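Input: a single structure, listed below in structure tokens.
As the structure is a prediction and not an experimental result, all values here were calculated from the model.
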Amino acid sequence: MATFNDSYARPATLQCQESISAAISLITLTHNHPSIPSNTCLFTLLNQCFTKIQSIFALDDYYSVLSSPSTLERILTATFDTASLGFVTEKSVRIIAGLDDHDKISLYVQAVAGMVLVFRRLRSAGPVVSANLLARELQLFAESEQRGRVLEKIGHSALLSHCHSREGMVEFVVKAMDEREDRHYAETLPLPDGTDLLNDSVQWVSDRPCKNMGLPWGFTIMALN
């Protein structure tokens, strides 16, 4: 039987800000220049972030859905488009060796924003995280305009190349996440069992052969030898 979780008494906005702050604390900031720690693949860093975010939100994971080893990759898959997914899921530094610091930071921050947005959706749709709830919220998030809008805003930002403080980065990401349309709230409302999630408001996603919002601005894919 599910028990009362006092984490729901805390404002979701505060949990989002704390999660972003915890993630930004893991990057290196030298002479106003943010970068990913050397010899660290993005997935390893994101796995640390996932643990921190999970602890901050403290959702009722009665069925151990969030504890599953595949959950992080599923969230990243829902967040990123096909062209850039490999950069955040590959468990090796080799795949990001050719990226500059801005591209790495952009992908990292985009991934963090995606994780936090998914956790916020789960919190709103709760109270208990089940396999069906996670699958539904991941699908809705992947198909939402909010996802593409947030990733694009982060990818276009010059702040990720030159920033005076981690606090400034946190404020930027939080604001990027909060610039959402009213329809976002309709997407998080509980749906009856068996409801077709591909309704008219998100059907346009099915027509996209390959999305590209996940790439940092001006970034292109090159084949790896």
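In terms of heavy-atom proximity, Val170 sits nearest to Ser21 at CG2-CA, 3.7 Å. The minimum heavy-atom distance between Leu160 and Phe172, with the atom names listed, is CD2-CE2, 4.5 Å. Contact detail for Ala22 and Ile56: the closest heavy-atom pair is CB-CD1, 4.2 Å. The heavy-atom pair separating His33 from Ser161 by the smallest distance is ND1-O, 3.3 Å. Contact between Phe57 and Cys16 at its shortest, heavy atoms only, is CZ-SG, 4.0 Å. Here the shortest heavy-atom pairing between Ala23 and Cys49 reads CB-SG, 3.7 Å.
Within the 4.5 Å cutoff, side-chain heavy atoms of Phe119 are placed close to those of Leu66. Annotation: side chain of Val118 is not in contact with side chain of Glu137 (no heavy-atom distance under 4.5 Å). Contact of the Asp81 side chain with the Arg147 side chain is registered, since non-hydrogen atoms from C-beta on lie closer than 4.5 Å. Residues Asp101 and Ile36 form no side-chain contact, since every pair of their non-hydrogen atoms from C-beta on lies 4.5 Å or further apart. In this structure the side chain of Val112 never reaches within 4.5 angstrom of the side chain of Val173, judged on heavy atoms. Residues Gln54 and Asp61 are in side-chain contact: their nearest non-hydrogen atoms beyond the backbone lie under 4.5 Å apart. Inter-residue side-chain proximity for Thr79 and Val88 is flagged as unmet; no heavy-atom pair is nearer than 4.5 Å. Residues Leu26 and Tyr108 are in side-chain contact: their nearest non-hydrogen atoms beyond the backbone lie under 4.5 Å apart.
Between the side chains of Thr28 and Thr30, not a single donor N or O lies within less than 3.5 Å of an accepting N or O.
Distance alone, capped at 3.5 Å, places no donor-acceptor pair between the Ser157 side chain and the Lys153 backbone. Between the side chain of Thr40 and the main chain of Ser38, a donor-acceptor pair closer than 3.5 Å is present. Judged by distance alone, the side chain of Ser144 and the main-chain N or O of Phe141 form a donor-acceptor pair under 3.5 Å. A donor-acceptor pair under 3.5 Å is formed between the side chain of Thr89 and the backbone N or O of Leu85. Under a 3.5 Å cut-off, the side chain of Ser19 and the backbone N or O of Gln15 do form a donor-acceptor pair. Judged by distance alone, the side chain of Ser64 and the main-chain N or O of Ser67 form no donor-acceptor pair under 3.5 Å.
Exactly one of Ile105, Val150, Leu151, Leu76 qualifies for a side-chain contact (heavy atoms from CB on, under 4.5 Å) with Gln110. That residue is Leu151.
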Exercise for the section: Carefully, step by step, assess Leu133 and Val65 under the rule side chain to side chain contact (heavy atoms under 4.5 Å, CB included). Expected result: CA-CA 10 Å; Leu133 178 63; Val65 175; over 6 Å; no
Handout entry: Worked check of ring-ring contact (aromatic ring centres under 6.0 Å, His included) between Phe50 and Phe43
Key = CA-CA 10 Å; Phe50 181 77; Phe43 185 83; 9.6 Å; no
Practice task
Apply side chain to side chain contact (heavy atoms under 4.5 Å, CB included) to the pair His164 and His162, showing each step before the final yes or no.
Solution key: CA-CA 7 Å; His164 292 288; His162 187 83; 4.1 Å; yes
Practice task
Mind running side chain to side chain contact (heavy atoms under 4.5 Å, CB included) on Arg74 and Thr77 for me, showing each step along the way?
Solution key: CA-CA 5 Å; Arg74 292 176 64 191; Thr77 299; 5.6 Å; no
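One distance of note links CG of Asn47 with NZ of Lys52; it measures 12.0 Å at 0.5 Å rounding. To the nearest 0.5 Å, atom CG of residue Leu72 and atom CE of residue Met115 are 6.0 Å apart. With values rounded to the nearest 0.5 angstrom, Gln17 atom CD is found 8.5 Å from Glu171 atom CD. Rounded to the nearest 0.5 angstrom, Ile27 CD1 and Cys163 SG are separated by 7.5 Å. Taken to the nearest 0.5 Å, the CE atom of Met169 stands 7.5 Å off from the CG atom of Leu29. Taken to the nearest 0.5 Å, the CG atom of Leu117 stands 8.5 Å off from the CZ atom of Arg121.
Residue Lys91 places its NZ atom among more than 12 non-hydrogen atoms of other residues, nucleotides or ligands, all under 6.0 Å distant.
Val93 and Ile95 sit in two unconnected hydrophobic clusters of ILVMFWY residues. Membership requires side-chain heavy atoms under 4.5 Å apart, directly or through other members.
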